[in-house]
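Right, one structure below, let's go through it.
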Amino acid sequence: MDKWPIGVFTSVDAGLGVQLDVVRELGIPSVHLHAPHKETRTEQAAKDFLAKCADAGITITVVFGGFEGESYADIATTARTVGLVPKETRAERLQEMKEIADFAALLGCDTVALHIGFITEDRTSEDYKDLVDVTRELLDYIKKNMQKLHLETWQESADHLLQFIADVDRDNLFINFDPANMILYGTGDPIEALKKVGHLVRSVHCKDAKWAPEDKRGQEWGTEVPLGEGDVGMERFLSTLNELGYTGPLTIEREIPHDPERQKADIRRAVELLTELRAKLA
Ligand code: MG
């Protein structure tokens, strides 16, 4: 694959991504795929989807897990409902994530990813230790598929995520870096964080956002905006990736599925921006 192929976040029947026909129309060569619902995760569905991708010249580089009952309504609700962190659903979501990894294997994809959730800061707690164990179990399971897991940033600081990854201590655990999330969650300057965790970054989301007002950061969401119009600084982001030696896809994410026309237009402009920056920097 050439350096920095453009990508876009895609959904089949679940999630916030665009449909495959939009990817094809925009001529985008790679996708992150939000895993479909359980009933669609069949061998036949995988074959059909792969055939459509092959037909359009699209490579699936990461399959993202997501779960029933997750809500990003506000930061507190996100902390309560998202990922493997909520205790009451941890075991069943671990099982579902294994099934999603098997579906990704059917798609010929060697990488799965997820928002693990708000990891507690208390490393001595039973909850933390259990989360480490569950993450290890998932990693050991997907290793049999020759797969890696990428944790999506960023409900936690760079240091906290690095500590968690070190505690899990497996060689197939990496990071999907989403600079806008750090701004949305108010968890710190994304470029400073990228420099700290860059050695573990194996995929990225090109997404942009504006900070919430200073006194509300971490309590209220910032605002997701079209690529290049927010506080990430796309040129700074890409030149930092370049310095880190990152050569993988630049996967655009624009989370406004309620407005597909605008979503498509914004993604089209994002492709233009990334193509320009790539020509300048890469
Ligand atoms: Mg993302």
Side-chain angles (χ1 to χ4, degrees), residues 4-12 14-18 23 28 30-35 60-67 70-75 78-79 81-85 97 100 104 109 111-119 148-158 161 173-191 193-194 197-198 200-211 221-234 237-238 240-241 246 248-258 263 266-267 270-271 273-274:
W4 290 358
I6 308 285
V8 66
F9 207 107
T10 314
S11 303
V12 183
L16 302 171
V18 294
V23 185
I28 296 173
S30 81
V31 294
H32 286 184
L33 174 69
H34 198 283
I60 306 162
T61 57
V62 180
V63 174
F64 268 77
F67 310 104
E70 291 186 321
S71 167
Y72 293 87
D74 53 50
I75 291 180
T78 304
T81 64
V82 167
L84 297 177
V85 167
M97 201 56 212
I100 287 169
C109 184
T111 306
V112 290
L114 86 160
H115 281 232
I116 197 163
F118 279 58
I119 303 166
K148 300 164 282 184
L149 174 69
H150 294 184
L151 296 180
E152 167 98 354
T153 55
W154 218 278
Q155 292 94 355
E156 53 282 312
S157 68
L161 188 64
L173 181 58
F174 297 98
I175 291 172
N176 180 76
F177 195 91
D178 184 327
N181 282 350
M182 298 206 59
I183 292 174
L184 291 169
Y185 289 87
T187 39
D189 178 67
I191 308 302
L194 178 58
V197 305
L200 292 170
V201 171
R202 293 289 187 279
S203 58
V204 300
H205 285 161
C206 293
K207 188 171 84 185
D208 213 341
K210 288 196 167 291
W211 295 100
W221 291 124
T223 313
E224 198 214 329
V225 297
L227 204 71
E229 294 179 21
D231 293 324
V232 169
M234 272 306 134
F237 178 53
L238 293 196
T240 307
L241 285 174
Y246 177 83
L250 303 176
T251 304
I252 298 160
E253 205 179 7
R254 181 71 175 116
E255 298 180 329
I256 48 167
H258 54 277
Q263 187 181 38
D266 286 353
I267 290 168
V271 171
L273 174 65
L274 292 175

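Whatever order the structure lists them in is the order used to number ligands and atoms, beginning at 1. Keep in mind that the numbers below use all heavy atoms, side chains included, and drop hydrogens, waters and symmetry copies.
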Practice prompt. Please report the closest heavy-atom contact between V204 and H32, naming both atoms and the distance.
Written response: O-CE1, 3.9 Å
Worksheet item: At the Mg ion (ligand 1), what is the angle formed between atom OE1 of E253 and atom OD2 of D178, rounded to the nearest 10°?
Response: 90°
Worksheet item: Heavy-atom distance under 4.5 Å between the side chains of T240 and F177, does that happen here?
Response: no
Worksheet entry | H205, N/O/S atom nearest the Mg ion (ligand 1) | ND1
Practice prompt. Using only heavy-atom distances, determine whether the side chains of N181 and T153 contain a donor-acceptor pair under 3.5 Å.
Written response: no
Worksheet item: Which is the closest N/O/S atom of E152 when seen from the Mg ion (ligand 1)?
Response: OE2
Worksheet item: Do F9 and F64 make the cut of ring centroids closer than 6.0 angstrom?
Response: yes
